[in-house]
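Presented below is the structure to which this report refers.
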Amino acid sequence: MEQPSHQGASEVWICFPLRRDNFNEAEYKPKSGKDLKMAQQAQEKYQDSYLYKIRHSAAHVMAQAVLEIFPDGKPTIGPPVENGFYYDFDLPRNLTTEDLQAIEKRMRQIVQGKHDFKKTVISAEEAKKIFADQPYKLELIEGLEQGGFDEYGNPLDEKPEISIYQQDTFTDLCRGPHVENTKEIKPDAFKLMSVAGAYWRGDEKNKQLQRLYGTAWENKKQLEEYLHQLEEAKKRDHRKLGKDLEIFIFDEEVGPGLPLWLPNGGILIEELEKLAKEMEEKAGYDRVRTPNVTKEDLFIRSGHLPYYAESMYPPMELEGVKYYIKPMNCPMHHKIFGSKGRSYRDLPVRLAEYGTCYRYEKSGELFGLMRVRSMQMNDAHIYCSEEQFEQEFMGVVELYKKYFELFGIEKYVMRLSLHSKAGLGKKYVNNPELWIKTEDMVRRAMDNGGVPYVEADDEAAFYGPKIDVQIWSAIGREFSLATNQVDFAVPERFDLKFTNSEGHDEVPLCIHRAPLSTHERMVGFLLEHYAGNFPVWLSPEQVRVISITDEQNDYAESIAKELRENGIRASADLSSQRMNAKIRNAQMMKVPYMIVVGKNEMEAGQISLRVRDGSQQNGFALSEFIVRAKDRISRRSADL
RNA sequence: GCCGACGUAGCUCAAUCGGCAGAGCACCCGCCUUGUAAGCGGGCGGUUACGAGUUCGAUUCUCGUCGUCGGCUCCA
């Protein structure tokens with residue numbers, strides 16, 4: 001599988017939800033125009049809102065404050081985004097957090113000056129005069145004049161009018177809308193959040209600007225709620241939960257992006273693999289295994305080296321031959337497919353492997369378990385004929401849906417990633433006809449299957465279009481969890497073929513798929529999704545037996561032993577702590593079941609059950625509990 | 001990789017202006033024998049990420065390296 005495409009451009013979506021349970025499809029909208037087909041109506045809704053005007057206006061006030069400090073600074077763009085706004089400047093020096101405080105203070109003074117926002121529609125010539133010493137604004141005006149590019153450099157449908165907005169001493173090229181007067185921006189309802197570098201027009205080759213982020217709300221209470229929400233989100237961040245629940249660690253000496261799985265994490269992985277193997281066996285997959293190191297030749301043939309050498313660990317050379325650590329499994333699977341003659345009767349061939357791959361992600365791109373340098377993919381490649389394509393492709397989509405139902409994942413968006421004409425021959429295999437054909441095939445398959453999706457231009461894999469499943473981390477970052485990709489290019493490079501019913505050679509299509517993502521990203525996601533409260537089947541420790549006094553230690557241990565003999569992960573807490581402390585510890589480790597045994601239970605040969613949700617039930621037979629637990633585990637139930 | 005911030009015990013954090021590095025939890029030992037989210041006492045634990053520099057003296061100031069975090073970029 002090429003990749004469970006990594007952390008999606010948080011740049012692309014501006015209106016993602018902070019928390020998935022707050023997800024509001026109506027607010028899901030594209031920022032850059034890359035994804036224009038995505039919920040355009042929703043964008044209009046946000047743009048029409050009062051909050052949008054407040055944030056947009058706050059950005060102008062911030063620009064005024066910044067330019068007072070740096071009269072030679074060059075303003076660029078400053079739009080509202082989810083929860084706030086930013087403004088990018090080209091300044092004589094880099095900003096620090098101290099500057100932030102000074103700017104914020106000055107902003108408070110400005111808004112209390114009660115200045116009106118005045119709009120004036122002007123011609124391109126007038127605009128060029130007004131912004132004569134502002135190169136970025138001039139570039140924007142050019143774009144507007146040429147009938148239109150928006151501030152991100154994306155084409156507009158119709159030629160826009162050019163307007164300026166003025167408040168107090170500040171004038172900006174702007175289409176609005178704004179609030180009437182700065183007094184509508186409450187001095188206690190906004191806050192500057194951070195300073196960051198950002199490239200002009202989002203292009204690394206351009207100059208890096210200074211970006212200031214702020215958040216703004218209608219009133220103080222809303223701001224406080226938002227800040228509180230941010231704190232709450234941190235609590236379910238997988239990096240915190242992973243540490244608290246002893247799932248994984250990173251060690252400086254091992255290296256960035258290279259997680260060490262602790263025993264509890266090992267259990268999660270085992271359970272996920274068990275699940276995948278069961279499902280894939282039912283769906284007709286064959287399991288294969290391939291090496292982690294491969295000769296350079298293989299990646300030259302696959303086309304990965306010319307396109308992606310930058311993301312691969314550099315080669316090691318032995319006896320004059322270069323070897324690479326594999327960044328993906330597909331070339332090896334292609335080799336396995338090609339290892340013998342195939343008949344159309346053999347198709348589809350489905351080769352699965354939880355392969356370990358390594359990718360050299362740039363240091364600044366790493367993000368807990370979600371973006372790592374070593375990963376194990378729920379990988380498989382399906383080789384099929386064109387006629388089989390739709391059924392196979394939808395079979396994978398059905399598999400996703402089964403998994404998502406099992407995990408109770410409801411907030412996600414399926415995204416069809418397409419090529420761009422401009423990228424042909426560079427990012428994408430240069431075969432425009434095949435691109436259009438396969439994109440149509442995917443679209444038709446999704447439409448026929450009644451699966452909703454959005455389209456994204458210029459996001460495809462180099463060898464074909466793909467469907468990614470987009471989800472959000474606790475702190476609101478978007479990334480692709482699962483992926484389902486069409487490959488119309490690589491089978492040919494590998495000379496893959498099968499004999500069709502006419503007796504002629506035909507090149508198969510290949511579907512790369514990773515419905516369970518990578519172990520790293522999946523566990524990271526599930527930690528946040530469940531806030532650490534895993535269903536019983538996934539819980540590293542399913543039952544903790546708690547003795548009230550040491551009189552019951554043997555009884556407690558015998559219960560734990562019996563549970564383990566029944567395939568239930570159980571331990572007994574025989575420490576000298578009081579029962580209350582033992583319960584607290586088990587609760588904090590989010591153990592789903594606590595069995596409490598004291599004098600009464602021991603005498604009656606029974607147990608008391610405390611469930612993670614706080615409910616309890618006394619005078620229970622152990623056998624009865626075992627039936628309940630085994631039922632939850634075998635059905636992978638969400639119930640406790 | 002780029003911009004900004006941060007790095008003190010296993011964890012969460014403190015240490016005034018540059019003046020003997022501290023607390024809670026965890027861990028170990030003991031006491032208590034306990035009824036549904038922390039019983040009590042004692043002990044162990046540190047080259048303040050690493051390396052230079054300034055200084056009589058550096059956790060504190062400066063520089064470099066490594067790592068983490070918030071963004072940008074990237075993302076097979």
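A note on names: the letters A, B, ... follow the listed sequences, proteins ahead of strands, and every chain is numbered from 1.
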| Distance between C1' atoms of B:U59 and B:G19 (Å, rounded) | 12 Å
| request: Looking at every strand, decide which applies to A:Met193 at a 4.0 Å heavy-atom threshold: base, sugar-phosphate, or nothing. | output: nothing
| said: Between B:C69 and B:G41, how many Å separate the two C1' atoms, rounded to a whole number? | reply: 40 Å
| field | C1' gap between B:U55 and B:U60, integer Å | value | 13 Å
| Around atom NZ of A:Lys590, are there more than 12 heavy atoms of other residues, nucleotides or ligands at under 6.0 Å? | yes
| request: Round to a whole Å and report the spacing from CG of A:Asn618 to P of B:G35. | output: 14 Å
| said: Roughly how many Å apart are B:G24 and B:A15, using the C1' atom of each and rounding to a whole number? | reply: 15 Å
| said: A cation-pi test, strictly: NZ or CZ of A:Arg612 under 6.0 Å from the centre of the six-membered ring of A:Tyr593 and no more than 45 degrees from its axis. Yes or no? | reply: no
| Roughly how many Å is it from CE in A:Met377 to P in B:C75, rounded to a whole number? | 16 Å
| request: Rounded off to whole Å, could you give me the CZ-to-P distance for the A:Phe367 and B:C72 pair? | output: 12 Å
| Within the structure shown, what part of the strands sits under 4.0 Å from A:Ala198 by heavy-atom distance: base, sugar-phosphate, or nothing? | sugar-phosphate
| request: Indicate, with a heavy-atom threshold strictly under 4.0 Å, whether A:Lys599 touches base, sugar-phosphate, or nothing. | output: base
| task | Scan A:Glu253 against the nucleic acid and name what it touches under 4.0 Å (heavy atoms): base, sugar-phosphate only, or nothing. | result | nothing
